[in-house]
Peer 1: 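I'd like to ask some things about the structure below.
We count residues from 1, following the sequence as given. We use all heavy atoms of the structure for the numbers below, so side chains are in, but hydrogens, waters and symmetry mates are not.
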Amino acid sequence: MTRRGSMEDKMQQFVPGIVPGQREFYHVAASGTVERYWLAPGTHGPQSHGPAPDHPLGVGPEPGWYDADGNKLARDPREVAP
């Protein structure tokens, strides 16, 4: 019996915003799926993400990264200076 899935789920469950500098972002996949991310810009450190049915991006947003207000970003926020 494996507990790997359960452990991975638990690793993603932490209080959003608890990591210093962590902010909310949205990512739209090529398929149109929108996910909410909590991450610290400029790092690939702790993060949490999941479906975002209540996003501020409107109908049919372009694939890519967006800030919490729905403004499109030029690139992945993990790759920019904080």
Side-chain angles (χ1 to χ4, degrees):
M1 182 170 145
T2 180
R3 293 179 159 247
R4 183 175 176 207
S6 177
M7 181 59 85
E8 288 173 358
D9 290 341
K10 288 182 188 291
M11 294 295 287
Q12 292 297 324
Q13 296 174 4
F14 65 93
V15 178
I18 199 168
V19 176
Q22 188 180 52
R23 298 190 338 235
E24 180 180 20
F25 294 92
Y26 294 94
H27 181 258
V28 179
S31 66
T33 303
V34 179
E35 287 192 309
R36 176 179 289 110
Y37 277 75
W38 284 94
L39 51 88
T43 73
H44 285 274
Q47 62 179 311
S48 178
H49 60 88
D54 59 344
H55 60 77
L57 308 181
V59 177
E62 293 181 22
W65 285 94
Y66 295 81
D67 67 15
D69 295 322
N71 301 307
K72 189 151 177 32
L73 302 174
R75 60 186 197 190
D76 184 334
R78 294 171 290 192
E79 297 173 354
V80 298

Peer 1: Not counting sequence neighbours, list each pair that qualifies as a salt bridge (charged side-chain N to carboxylate O under 4.0 Å, His left out) and has a residue in residues 43-59.
Peer 2: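 As it turns out, the salt bridge (charged side-chain N to carboxylate O under 4.0 Å, His left out) pairs with a partner in residues 43-59, which skip direct neighbours, are Arg36-Asp54.
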
Peer 1: Might you point out which heavy atoms bring Ala30 and Pro63 nearest each other, and give the distance in Å?
Peer 2: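 Heavy atoms of Ala30 and Pro63 come nearest at CA-CG, 3.9 Å.
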
Peer 1: Are Pro51 and Val34 side-chain neighbours, meaning at least one heavy-atom pair lies under 4.5 Å?
Peer 2: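 A side-chain contact is absent here, since even the closest heavy-atom pair is not under 4.5 Å.
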
Peer 1: Does some side-chain heavy atom of Pro61 sit less than 4.5 Å from a side-chain heavy atom of Tyr66?
Peer 2: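 Side-chain contact under 4.5 Å: yes.
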
Peer 1: To the nearest 0.5 Å, what is the distance between NE2 (His49) and NE2 (His27)?
Peer 2: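 That separation rounds to 11.0 Å.
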
Peer 1: Over all heavy atoms of both residues, which pair between Val80 and Pro77 is shortest? Give the atoms and the distance, please.
Peer 2: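 Scanning both residues completely, I find the closest heavy atoms to be CG2-O, 3.2 Å.
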
Peer 1: So how far is it from His55 NE2 to Tyr26 OH, rounded to the nearest 0.5 Å?
Peer 2: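 Nearest 0.5 Å value for the NE2-OH distance: 8.5 Å.
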
Peer 1: Run the salt bridge (charged side-chain N to carboxylate O under 4.0 Å, His left out) test against Asp67 and tell me which residues pass, sequence neighbours left out.
Peer 2: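 Testing Asp67 for salt bridge (charged side-chain N to carboxylate O under 4.0 Å, His left out), a comparison that skips the adjacent residues, returns none.
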
Peer 1: Find the distance between OH (Tyr37) and CD (Glu24) and round it off to the nearest 0.5 Å.
Peer 2: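 So the OH of Tyr37 and the CD of Glu24 are separated by 13.5 Å.
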
Peer 1: Write down the atom of Ala52, the atom of Glu35, and the distance for their closest heavy-atom approach.
Peer 2: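 In this case the closest contact between Ala52 and Glu35 is CB-C, 3.9 Å.
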
Peer 1: Taking side chain as C-beta onward, heavy atoms only, is Trp65 less than 4.5 Å from Phe25?
Peer 2: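 Touching, per the 4.5 Å side-chain cut-off.
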
Peer 1: Rounded to the nearest 0.5 Å, what's the gap from CG on Leu39 to CZ on Arg78? Could you check?
Peer 2: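 Between atom CG of Leu39 and atom CZ of Arg78 there are 6.0 Å.
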
Peer 1: Please give me the minimum heavy-atom distance between Val28 and Glu62, naming the atom from each residue.
Peer 2: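 Nearest pair, atom of Val28 first, then Glu62: CB-O, 3.5 Å.
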
